[in-house]
Amino acid sequence: MELKINTIPENERRKLPEDESTLGFGKIFTDHMFIMYYDEGKGWYDAEIKKYEPLVLDPAACVLHYGQAIFEGMKAYRTEDGINLFRPEKNFERLQMSADRMVMARFDPDFVLDALKELITIEKHWVPHSEGTSLYIRPTYIASEPFLGVHPSGQYILYIILSPVGAYYATGFNPVKIKVEDKYIRAADGGVGQAKTCGNYAASLFATKEAEKEGYAQVLWLDAQERKYVEEVGTMNMFFVIDGVVITSPLTGTILPGITRDSVIQLCKSEGIKVEERNLAIDEVINAFENGKLDEAFGSGTAAVITPVGLLGYKGKDYTINDFKVGKLTQKLYDTITGIQWGKIEDKFGWIQKATKD
Ligand code: COI
């Protein structure tokens with residue numbers, strides 16, 4: 001398929017943000033987007049880089065009624081010698097996995113990654129310069145066929161938008177307070193927890209709002225069956241360091257297979273740090289805390305990068321971890337991952353790709 005490129009004239013372009021320290025997360029968008037369409041009869045067509053503008057959707061579009069929608073989160077980083085992408089092929093692999101789970105049409109991941117690089121080449125002046133900032137990339141894939149029967153759509157739209165961002169949490173790289181959620185659940189065994197589908201995020205809003213009212217930033221989900229084992233935080237996978245061992249939930253279908261999660265595991269193993277991917281009961285975490293063995297806790301994600309967890313609230317009691325300070329391993333992982341992303345540390349794992357075509 002041919003990629004059409006239709007850029008807008010200079011005088012129609014938006015103003016770049018003047019103060020990068022106020023970027024926040026996902027509030028402003030660049031001038032152009034990538035889009036392509038699918039029809040059961042003809043496959044993918046009309047791939048184009050064009051002006052960022054509202055989508056035209058029929059009010060009966062399947063996505064608006066039955067939520068057949070998936071997305072990805074990626075970032076482009078400005079370095080001294082160009083702009084980097086971090087393991088981008090993994091995001092498109094995961095988008096394909098989510099598409100399969102949500103019965104959406106397969107697409108050519110190489111074509112879309114190449115189109116993304118074309119888009120970043122056009123928008124490269126939007127990649128922010130300050131430390132800790134990046135250009136967030138949001139591939140989004142929705143069902144567009146208009147009908148009201150409950151069945152998979154025969155038409156789809158896949159698009160990519162870009163947003164210059166700072167830290168996901170307003171507190172920056174500082175410990176956050178997380179509430180262990182023992183009432184509501186995110187995903188059950190056999191459900192769609194591993195797919196990056198929009199409904200998972202909609203389902204998280206109520207509990208998160210309740211937690212925010214109590215002063216926490218987000219919730220840590222427990223398993224749906226027993227409310228016993230820790231799962232994920234919705235915008236990040238979770239890691240607990242107990243007595244020197246790094247423990248994270250296994251990928252059994254209810255949590256998102258995070259790319260940063262996988263990178264953390266590979267980095268720890270390469271440093272000889274013991275990592276266990278296993279069911280971790282919240283009681284084991286609390287016991288470790290009581291016995292002074294809960295060394296650190298942190299989350300990982302594209303938006304969240306590595307986020308220290310400084311406090312866990314569980315059943316009305318707060319447990320402050322590592323004196324609400326960033327732990328040693330948490331800091332090291334943050335420095336290493338961001339160092340690789342910003343081209344300051346050697347990329348021994350082959351994770352970096354050039355983001356632009358020039
Ligand atoms: C990401 O980390 O990129 C995510 O997609 C999580 C969130 C902002 C929805």
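All ligand and atom numbering here is 1-based and tracks the order in the structure. The figures here come from the full heavy-atom set of this structure, side chains too, leaving out hydrogens, waters and symmetry mates.
- Nearest non-hydrogen protein atom to atom 6 (C) of ligand 1 is K196 NZ, 3.8 Å.
- Close approach of ligand 1 to G73 (heavy-atom distance below 4.0 Å) involves ligand atoms 3 (O).
- Partner of F298 under the ring-ring contact (aromatic ring centres under 6.0 Å, His included) criterion, out of F173, F239, Y334: F239 alone.
- The cationic atom of K42 (NZ for Lys, CZ for Arg) lies less than 6.0 Å from the six-membered ring centre of Y45 and within 45° of the ring axis.
- Protein heavy atom at the shortest distance from atom 9 (C) of ligand 1 is Y201 CE2, 3.6 Å.
- When only non-hydrogen protein atoms are considered, atom 2 (O) of ligand 1 lies nearest to A303 N, 2.8 Å.
- Checked by atom type and distance alone, the side chain of E145 pairs as donor or acceptor with a backbone atom of G154 at under 3.5 Å.
- In this structure, the side chains of I321 and L312 come closer than 4.5 Å at one or more pairs of heavy atoms.
- Ring pair F206/Y184 is perpendicular by interplanar angle, where above 60° counts as perpendicular and below 30° as parallel.
- Listed by atom number, the atoms of ligand 1 under 4.0 Å from F71 heavy atoms are 5 (O).
- Of the protein's non-hydrogen atoms, the one nearest atom 7 (C) of ligand 1 is T235 CG2, 3.9 Å.
- At least one heavy atom of R138 lies less than 4.0 angstrom from ligand 1.
- Residue W44 forms a ring-ring contact (aromatic ring centres under 6.0 Å, His included) with just one option from Y141, F111, Y156, Y37, and that option is Y141.
- Every side chain to side chain contact (heavy atoms under 4.5 Å, CB included) that F92 has, sequence neighbours left out, goes to M74, L95, F107, P109, V112, L113, L116, P139, I160.
- Closest protein heavy atom to atom 8 (C) of ligand 1: Y168 CE1, 3.7 Å.
- Looking from atom 1 (C) of ligand 1 to the surrounding protein, the closest heavy atom is Y136 OH, 3.3 Å.
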